[in-house]
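Below is one structure, written out as structure tokens, with a few remarks after it.
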Amino acid sequence: MSNSTLSPRFPIHAPPHILQLLARLHTLSLAQEGEIEQAKDGLIELHKKDPIEGGKALKELMSNKFVALEKEKCEFVYQLILATGAKNVVEAGTSYGVSTIYLALAVGENSPDGRVIATEHEPEKVRRAKEYWAEAGEVVTKYVDIRQGDLLWTLQQDVPTIDLLLLDIWTPLALPTLKLLQPHMRRGTVIVTDNTVSASALYGEFLQYLNDPDSPFRSLTVPYSGGLELSVYLP
């Protein structure tokens with residue numbers, strides 16, 4: 001059969017208006033990637049010389065950026081949730097809520113009691129994310145529990161047993177967040193961390209923790225752009 005006769009592939013099961021919304025948001029996010037890419041090398045060098053100043057500069061750059069997880073990675077995580085039957089998902093680093101839509105759609109397919117705990121520090125990003133979720137409708141909003149503020153505080157209470165953790169966050173927070181949530185993980189919890197290759201210099205302690213011979217995690221790098229770390233908690 002020739003490719004011309006194949007039907008279009010839609011890995012995400014969602015109404016047309018949500019697919020159109022996601023396409024629009026991914027386009028907006030891609031438009032900002034050039035600016036981030038231009039600044040990235042300088043930020044990594046600054047972080048090597050002065051981690052505190054490097055961290056501040058990175059945080060300032062990202063404060064008003066979409067920094068949405070790429071479409072292909074979102075689809076991959078969506079499929080992971082379906083494959084594992086995940087019901088309770090934590091997203092560390094929600095930004096404008098693009099990937100959250102995928103998480104909520106997948107969790108909703110798995111369970112009517114599914115839950116996505118979304119975290120974001122910037123109030124304006126939370127406001128915009130809520131607008132996009134409202135545009136998607138109840139099929140998304142009913143599953144999202146958004147927590148605005150410092151996630152090392154907002155995730156200290158009312159955290160269920162976690163089935164999947166998505167770390168798409170300011171890199172210095174990745175390891176503290178993982179350690180904070182580790183007591184809430186079950187055997188087989190999946191952890192997905194973005195850009196562990198392109199930002200490996202910033203993920204040094206985090207990757208060392210994952211790959212320590214005595215670590216309870218088993219981890220591999222999925223060869224998406226920038227790298228995507230797929231880890232499983234096996235205490």
Mind checking whether L28 and V126 sit in one hydrophobic cluster, side chains of I, L, V, M, F, W, Y counted as touching below 4.5 Å?
yes

If the threshold is 4.0 Å, N to carboxylate O, is there a salt bridge linking E135 and R24?
yes

Compare every heavy atom of P235 with every heavy atom of R187, then report the nearest pair and how far apart it is.
NH1-O, 2.8 Å

Smallest separation among heavy atoms of N110 and G85, with atom names
ND2-C, 3.3 Å

d(L152 CG, H121 NE2) to nearest 0.5 Å is 10.0 Å

Would you mind reporting whether E120 and Q148 have side-chain heavy atoms less than 4.5 Å apart?
no

Ring centres under 6.0 Å, that's the criterion: do Y132 and H26 meet it?
no

For G188 and L234 the tightest heavy-atom approach is N-CD2, 4.1 Å

Contact between L165 and I191 at the side-chain level, heavy atoms closer than 4.5 Å - yes or no?
yes

State, yes or no, whether a side-chain contact exists between E122 and Y96 at a heavy-atom distance under 4.5 Å.
no

Indicate yes or no for a side-chain donor-acceptor contact from D163 to the backbone of K87 under 3.5 Å, with no hydrogens or angles considered.
yes

Are L230 and F76 side-chain neighbours, meaning at least one heavy-atom pair lies under 4.5 Å?
yes

Sidechain N-carboxylate O distance under 4.0 Å for R115, D145
yes

For Q157, does the CD atom have more than 12 heavy-atom neighbours from other residues, nucleotides or ligands under 6.0 Å away?
no

Any chance CZ of R218 has more than 12 other-residue heavy atoms, nucleotides or ligands included, within less than 6.0 Å?
no

Looking at the rings of Y203 and F206, which for Trp means the six-membered one, are their centres under 6.0 Å apart?
yes

With no hydrogens and no angle check, is any side-chain donor or acceptor of W133 less than 3.5 Å from a backbone partner on V144?
no

Between CZ of R186 and CG of N88, what distance do you get to the nearest 0.5 Å?
9.5 Å

Of all heavy-atom pairs between A106 and I81, which one has the smallest distance, and what is that distance?
CB-CG2, 3.5 Å

Could you give me the CA-CA distance, side-chain angles and deciding distance for L210 and L178, then say whether side-chain contact (heavy atoms from CB on, under 4.5 Å) is met?
CA-CA 10 Å; L210 280 182; L178 182 66; 3.9 Å; yes

Report yes or no: do L19 and V98 belong to one cluster of Ile/Leu/Val/Met/Phe/Trp/Tyr joined by side chain heavy-atom distances under 4.5 Å?
yes

Ignoring hydrogens, what is the shortest heavy-atom contact between A92 and I169? Give both atom names and the distance.
O-CB, 3.4 Å

What distance separates N195 CG from L228 CG, expressed to the nearest 0.5 Å?
8.5 Å

A quick test of your reading: do over 12 heavy atoms of other residues, nucleotides or ligands sit less than 6.0 Å from CD of E131?
yes

Can you say whether the rings of Y233 and F217 are parallel (under 30°), tilted (30 to 60°) or perpendicular (over 60°)?
tilted

If we only count heavy atoms from C-beta on, is the I101 to L21 side-chain gap below 4.5 Å?
yes

Shortest non-hydrogen contact from G227 to K73?
O-NZ, 3.9 Å

Given E91 and S99, is the side chain to side chain donor-acceptor pair (under 3.5 Å) satisfied, shown in steps?
CA-CA 9 Å; E91 180 183 40; S99 51; 2.4 Å; yes

Side chains of L166 and V90, heavy atoms from C-beta outward: is any pair under 4.5 Å?
no

S215 side chain to Y209 main-chain N or O, any donor-acceptor pair under 3.5 Å?
yes

Run the salt-bridge test on D158 and R147 with the 4.0 Å N-O cut-off and return the result as yes or no.
yes

Any chance the side chains of E109 and Y78 put a donor and an acceptor closer than 3.5 Å?
yes

Does any part of the side chain of L105, heavy atoms only, come nearer than 4.5 Å to the side chain of H13, both counted from C-beta?
no

Are L207 and V232 connected in a single hydrophobic cluster, I mean Ile/Leu/Val/Met/Phe/Trp/Tyr linked by side-chain heavy atoms less than 4.5 Å apart?
no

Starting at CD1 of I12, measure out to SG of C74 and round the result to the nearest 0.5 Å.
8.0 Å

Distance only, no hydrogens: is a donor on one side chain within 3.5 Å (strictly under) of an acceptor on the other, for E229 and T196?
yes

For A136, is there any backbone N or O sitting under 3.5 Å from a side-chain donor or acceptor partner on H17?
yes

Checking T141 against E138: is there a side-chain donor and acceptor pair closer than 3.5 Å?
no

With a 4.5 Å cut-off on side-chain heavy atoms, are T177 and L167 touching?
yes

Single-linkage hydrophobic cluster V197~V192, side-chain heavy atoms < 4.5 angstrom
no

Consider only side-chain heavy atoms of I, L, V, M, F, W and Y, link residues closer than 4.5 Å, and tell whether W153 and L180 are in one cluster.
no

With side-chain contact (heavy atoms from CB on, under 4.5 Å) as the criterion, how do L164 and V77 come out once you've worked through the C-alpha distance, each side chain's angles and the decisive distance to 0.1 Å?
CA-CA 9 Å; L164 184 141; V77 177; 4.2 Å; yes

For atom CD of E124, is the number of surrounding heavy atoms from other residues, nucleotides or ligands below 6.0 Å larger than 12?
yes

Rounded to the nearest 0.5 Å, what's the gap from NZ on K130 to OG1 on T94? Could you check?
11.5 Å

Y224 and E70: side-chain contact (heavy atoms from CB on, under 4.5 Å), yes or no, with the steps?
CA-CA 9 Å; Y224 282 107; E70 291 98 321; over 6 Å; no

Applying side-chain contact (heavy atoms from CB on, under 4.5 Å), run through L181 and V159 and close with a yes or a no.
CA-CA 8 Å; L181 295 177; V159 177; 4.2 Å; yes

With distance as the sole test, does S111 use its side chain to make a donor-acceptor pair with the main-chain N or O of D113 at under 3.5 Å?
yes

